[in-house]
Amino acid sequence: MDLRKQQRRELLFNEVVIMKDYHHKNVVDLYDSYLVDDELWVVMEFLEGGALTDIVTHTRMNEEQIATVCLSVLRALSYLHTQGVIHRDIKSDSILLTSDGRVKLSDFGFCARVSGEVQKRRSLVGTPYWMAPEVISRVPYGPEVDIWSLGVMIIEMVDGEPPYFNEPPLQAMRRIRDNLPPRLKDSQKVSPILRAFLDLMLVREPSQRATAHELLRHPFLKLSGPSSCILPLMRHYR
């Protein structure tokens with residue numbers, strides 16, 4: 001990456017530092033990084049399956065496949081949140097796949113650490129359509145923002161796009177901030193157990209939102225299958 005062309009080069013360094021410090025089977029591995037003149041070279045795991053976005057925009061996922069993705073992402077988030085790390089940009093673009101269908105979390109440029117001294121953050125960062133209401137309102141927030149964004153990503157997996165995606169970003173952000181939590185376009189096409197799972201994430205009051213640890217015990221995740229169940233989706237969009 002050419003650092004001279006980066007508007008916010010600190011985000012690149014932030015990503016490298018976070019990924020070097022935290023290793024988990026559902027987080028993309030970073031092996032090493034080098035500063036060469038004005039370029040940052042990063043050596044990382046190659047995820048040949050591409051991003052989940054390619055799948056959600058070209059095909060429809062069944063509930064086994066959705067549960068399989070959610071299980072992997074929640075394992076990564078539970079690990080990161082326990083370490084005091086908030087991802088702050090959960091969306092299908094940030095989920096990468098291996099050639100055999102394993103699911104890994106990537107894109108740590110917007111990450112933030114929280115600790116005993118700094119327990120909340122206030123920065124307006126992330127991608128508008130996936131942002132939690134408290135991020136948009138600029139009130140102090142914690143790891144709960146990742147859970148809201150994961151809820152929006154589930155809507156993405158079912159509907160093919162996040163809520164308000166046909167509206168300009170600022171208008172969408174106002175709606176997220178002021179309206180009731182978004183819902184699926186047709187909630188009847190998913191099972192009651194998936195609706196119940198989603199309802200625990202898209203809760204306006206952050207303290208009432210389920211944690212990643214709590215969601216890992218939800219019965220919906222019992223529907224998850226082996227990583228190979230993702231392979232037909234990858235073949236379909238390719």
Side-chain angles (χ1 to χ4, degrees), residues 6-8 11 15 50-63 65-66 69-70 73-74 77 86-97 105-112 120-191 194-210 212 215 233 236-237:
Q6 303 295 324
Q7 288 181 309
R8 296 185 63 187
L11 295 180
E15 179 157 16
L52 182 65
T53 313
D54 296 327
I55 287 172
V56 300
T57 53
H58 290 100
T59 183
R60 285 293 163 265
M61 300 173 69
N62 63 37
E63 296 200 8
Q65 293 160 336
I66 292 171
V69 170
C70 287
V73 175
L74 281 166
L77 286 178
I86 316 174
H87 186 278
R88 302 200 293 188
D89 202 21
I90 299 293
K91 56 183 179 179
S92 64
D93 270 325
S94 304
I95 310 302
L96 300 181
L97 306 164
L105 183 55
S106 182
D107 292 344
F108 286 82
F110 287 139
C111 254
K120 299 281 184 180
R121 308 298 292 221
R122 299 183 78 111
S123 314
L124 179 65
V125 299
T127 308
Y129 304 95
W130 289 264
M131 279 182 186
E134 62 269 28
V135 176
I136 298 167
S137 299
R138 302 293 288 269
V139 298
Y141 58 80
E144 308 85 15
V145 301
D146 288 340
I147 302 301
W148 175 283
S149 300
L150 179 58
V152 174
M153 195 180 93
I154 291 176
I155 292 181
E156 224 188 327
M157 287 191 275
V158 175
D159 290 341
E161 62 184 29
Y164 312 125
F165 203 52
N166 58 345
E167 299 184 17
L170 285 175
Q171 193 170 325
M173 287 165 71
R174 276 195 294 271
R175 283 179 176 268
I176 295 165
R177 184 193 64 197
D178 299 337
N179 291 0
L180 290 170
R183 290 287 172 257
L184 293 162
K185 287 177 183 171
D186 180 7
S187 62
Q188 297 309 307
K189 68 183 175 186
V190 302
S191 66
L194 173 49
R195 287 201 300 273
F197 185 61
L198 186 57
D199 286 345
L200 293 172
M201 301 182 206
L202 296 175
V203 178
R204 284 195 62 85
E205 175 49 53
S207 64
Q208 303 299 312
R209 231 171 271 157
L215 289 166
L233 297 171
H236 181 91
Y237 85 76

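Treat the numbers as computed from the prediction; the structure is a model and nothing was measured.
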Undergrad: Taking the side chain as every heavy atom from C-beta outward, state whether Leu233 and His58 have any atom pair closer than 4.5 Å.
TA: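 SC-SC contact between Leu233 and His58 ruled out.
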Undergrad: Distance from Ile66 atom CD1 to Glu156 atom CD, nearest 0.5 Å?
TA: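 Rounded to the nearest 0.5 Å, the CD1-CD separation comes to 11.0 Å.
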Undergrad: Report yes if the side chains of Met61 and Leu52 come closer than 4.5 Å at any heavy-atom pair, otherwise no.
TA: yes
Undergrad: Between the main-chain N or O of Met173 and the side-chain N or O of Tyr129, is there a donor-acceptor pair closer than 3.5 Å?
TA: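 Absent.
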Undergrad: Determine whether the side chains of Arg88 and Tyr141 contain a donor N or O and an acceptor N or O closer than 3.5 Å.
TA: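 Looking only at side-chain atoms, Tyr141 and Arg88 do form a donor-acceptor pair, the distance falling under 3.5 Å.
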Undergrad: Let's go through Leu184 and Lys189 carefully: what are the C-alpha distance in whole Å and the side-chain angles of both, what is the deciding distance for side chain to side chain contact (heavy atoms under 4.5 Å, CB included) to 0.1 Å, and is it a yes or a no?
TA: CA-CA 9 Å; Leu184 293 162; Lys189 68 183 175 186; 5.9 Å; no
Undergrad: Which value, rounded to the nearest 0.5 Å, describes the distance between His87 atom NE2 and Ser94 atom OG?
TA: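 The NE2 atom of His87 sits 4.5 Å away from the OG atom of Ser94.
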Undergrad: What's the spacing between Leu194 CG and Ser187 OG if we round to 0.5 Å?
TA: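 That separation rounds to 10.0 Å.
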Undergrad: Which heavy atom in Val152 sits nearest to a heavy atom in Pro162, and how many Å separate them?
TA: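 For Val152 and Pro162, the tightest heavy-atom pair comes out as CG1-CB, 3.7 Å.
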Undergrad: Is there a side-chain contact between Leu202 and Ile155 (heavy atoms, below 4.5 Å)?
TA: yes
Undergrad: Are Trp130 and Ile90 packed together at the side-chain level, in the sense that at least one heavy-atom pair is separated by less than 4.5 angstrom?
TA: no
Undergrad: So, do Arg174 and Ile136 sit near enough that their side-chain heavy atoms are less than 4.5 Å apart?
TA: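 No, too far: nothing below the 4.5 Å cut-off.
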Undergrad: Please test Glu63 against Ser191 for side chain to side chain contact (heavy atoms under 4.5 Å, CB included), starting from the C-alpha separation and ending with a verdict.
TA: CA-CA 8 Å; Glu63 296 200 8; Ser191 66; 2.6 Å; yes
Undergrad: Is there side-chain contact between Phe197 and Ile154, with at least one heavy-atom pair below 4.5 Å?
TA: yes
Undergrad: State, with a plain yes or no, whether a side-chain heavy atom of Leu150 is found less than 4.5 Å away from one of Met153.
TA: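 They are in contact (side-chain heavy atoms under 4.5 Å apart), so the answer is yes.
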Undergrad: With sequence neighbours excluded, what pairs up with Asp107 under the side chain to side chain donor-acceptor pair (under 3.5 Å) test?
TA: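 Partners of Asp107 under the side chain to side chain donor-acceptor pair (under 3.5 Å) test: none.
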Undergrad: Would you compute the distance between atom CZ of Arg195 and atom CG of Leu200 and round it to the nearest 0.5 angstrom?
TA: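 Spacing of CZ (Arg195) from CG (Leu200) equals 13.5 Å.
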Undergrad: For Glu144 versus Pro206, what's the shortest heavy-atom pair and its separation?
TA: CG-O, 3.6 Å
Undergrad: Ignoring hydrogens and angles, tell me if any N or O in the side chain of Ser137 forms a donor-acceptor pair with the backbone of Pro133 under 3.5 Å.
TA: yes
Undergrad: Between Trp148 and Ile176, what is the shortest heavy-atom contact and its length?
TA: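 Taking every non-hydrogen atom into account, CZ2-CG2, 4.1 Å.
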Undergrad: Can a donor-acceptor pair be found, under 3.5 Å and without considering hydrogens, that links the side chain of Gln171 to the backbone of Pro168?
TA: no
Undergrad: Under a 4.0 Å N-O cut-off, is there an ion pair linking Glu161 with Lys185?
TA: yes
Undergrad: Taking C-beta and beyond as the side chain, do Ser92 and Met157 meet within less than 4.5 Å on heavy atoms?
TA: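 Of all side-chain heavy-atom pairs linking Met157 with Ser92, none is under 4.5 Å.
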Undergrad: Test of understanding: with salt bridge (Lys or Arg N to Asp or Glu O under 4.0 Å), list the residues that count as partners of Arg183, not counting sequence neighbours.
TA: Asp199
Undergrad: Indicate the atoms forming the closest heavy-atom contact of Asp93 with Leu96, along with that distance.
TA: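 Shortest heavy-atom contact: O-CD2, 4.3 Å.
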Undergrad: Check this for me: does any side-chain nitrogen of one of Glu134 and Lys120 sit under 4.0 Å from a carboxylate oxygen of the other?
TA: no
Undergrad: Would you give the length of the straight line joining atom CG of Asp178 to atom CZ of Arg204, rounded to the nearest 0.5 angstrom?
TA: 7.0 Å
Undergrad: When rounded to the nearest 0.5 angstrom, what is the spacing between CG in Asp89 and CG in Leu105?
TA: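 Between Asp89 CG and Leu105 CG, I get 9.5 Å after rounding to 0.5 Å.
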Undergrad: I need the minimum non-hydrogen distance between Gly142 and Ile86, along with the two atoms involved.
TA: C-CD1, 3.6 Å
